[in-house]
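Beneath this line is the structure, given in structure tokens, with notes to follow.
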Amino acid sequence: MVLWFSEDDVLARAGADVVGRAAEFDDAAAVTVSAGEIVSTVGYDDDFDVRVTGENRRLVGEFSCGERPEDFCEHCVAAALMALDVASPPDPDELCSAWKPWAVTGG
């Protein structure tokens, strides 16, 4: 399955500090990937439910950890990165047309 985002998109959305904190959960995420969404449980002692989608050309996370709703927390990052690990790498042309329509140029 090809995802609609790349590791660079995750870094741009969350920031380097959050991505660094997410490394703590790199082997503590169970992830299910389907068209347009990732559903995951992330954690060791405390498990948090996570759902990642793409809306308005932006990664959006819903999560149960208590972070502010507008944030993309380390649990969302862990789920997104785990999904990238289990999915096929994105095709740049597909990313341009599906995820970043403003990047498509006419011929």
Side-chain angles (χ1 to χ4, degrees):
M1 170 177 282
V2 175
L3 294 176
W4 67 95
F5 63 92
S6 69
E7 191 171 331
D8 289 340
D9 294 320
V10 175
L11 179 60
R13 174 67 173 95
D17 290 342
V18 176
V19 171
R21 289 195 309 267
E24 166 186 350
F25 300 106
D26 66 353
D27 64 346
V31 65
T32 302
V33 180
S34 60
E37 81 172 355
I38 299 162
V39 177
S40 181
T41 302
V42 179
Y44 287 110
D45 296 330
D46 296 319
D47 289 339
F48 300 105
D49 297 320
V50 175
R51 181 174 175 257
V52 176
T53 60
E55 295 176 13
N56 299 321
R57 297 182 299 263
R58 178 181 171 146
L59 288 169
V60 176
E62 297 173 24
F63 39 86
S64 64
C65 67
E67 289 290 322
R68 297 182 321 220
E70 64 273 9
D71 290 340
F72 198 70
C73 69
E74 60 264 24
H75 306 105
C76 291
V77 171
L81 294 177
M82 179 69 73
L84 286 170
D85 281 346
V86 301
S88 302
D91 178 293
D93 292 332
E94 189 172 318
L95 279 176
C96 285
S97 63
W99 174 244
K100 299 175 183 172
W102 66 92
V104 177
T105 58

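Owing to the predicted nature of the structure, the values given are computational and were not obtained by experimental measurement. Values below: every heavy atom of this structure, side chains too, minus hydrogens, waters and symmetry copies.
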Polar side-chain atom of Ser64 near backbone of Asp49 as donor-acceptor pair, under 3.5 Å: yes

Donor-acceptor contact present, side-chain Ser40 to main-chain Ala30, <3.5 Å: yes

With the side chain counted from C-beta on, respond yes when Val10 and Asp8 share a heavy-atom pair under 4.5 Å apart, and no when they do not. no

Do Asp47 and Val42 have side-chain heavy atoms sitting under 4.5 Å apart? no

Ring-plane angle category for Tyr44 and Phe25, please: parallel below 30°, perpendicular beyond 60°, tilted otherwise. parallel

What heavy-atom pair brings [X] and [Y] nearest, and what distance separates the two atoms?
X: Cys76; Y: Val52; answer: O-CG2, 4.0 Å
X: Ala22; Y: Ala78; answer: CB-N, 3.9 Å
X: Val18; Y: Cys73; answer: CG1-C, 3.7 Å
X: Ala79; Y: Val31; answer: O-CG2, 3.9 Å

Please check if Trp4 and Leu84 belong to a single hydrophobic cluster, counting links between Ile, Leu, Val, Met, Phe, Trp and Tyr side chain heavy atoms closer than 4.5 Å. yes

Is there a path of hydrophobic side-chain contacts, each under 4.5 Å between heavy atoms, that joins Val77 and Phe48? no

Checking Glu62 now: which residues fulfil side chain to side chain contact (heavy atoms under 4.5 Å, CB included) with it, not counting sequence neighbours? Arg51

About how many Å separate [atom2] of [Y] and [atom1] of [X], when rounded to the nearest 0.5 Å?
X: Leu59; Y: Ile38; atom1: CG; atom2: CD1; result: 7.5 Å
X: Glu74; Y: Asp17; atom1: CD; atom2: CG; result: 11.0 Å
X: Leu11; Y: Phe72; atom1: CG; atom2: CZ; result: 11.5 Å

Please assess Phe63 against His75 for the test ring-ring contact (aromatic ring centres under 6.0 Å, His included), listing each intermediate value before the final yes or no. CA-CA 8 Å; Phe63 39 86; His75 306 105; 7.9 Å; no

Derivation of the side chain to side chain contact (heavy atoms under 4.5 Å, CB included) call for Leu3 and Val33: CA-CA 9 Å; Leu3 294 176; Val33 180; 3.3 Å; yes

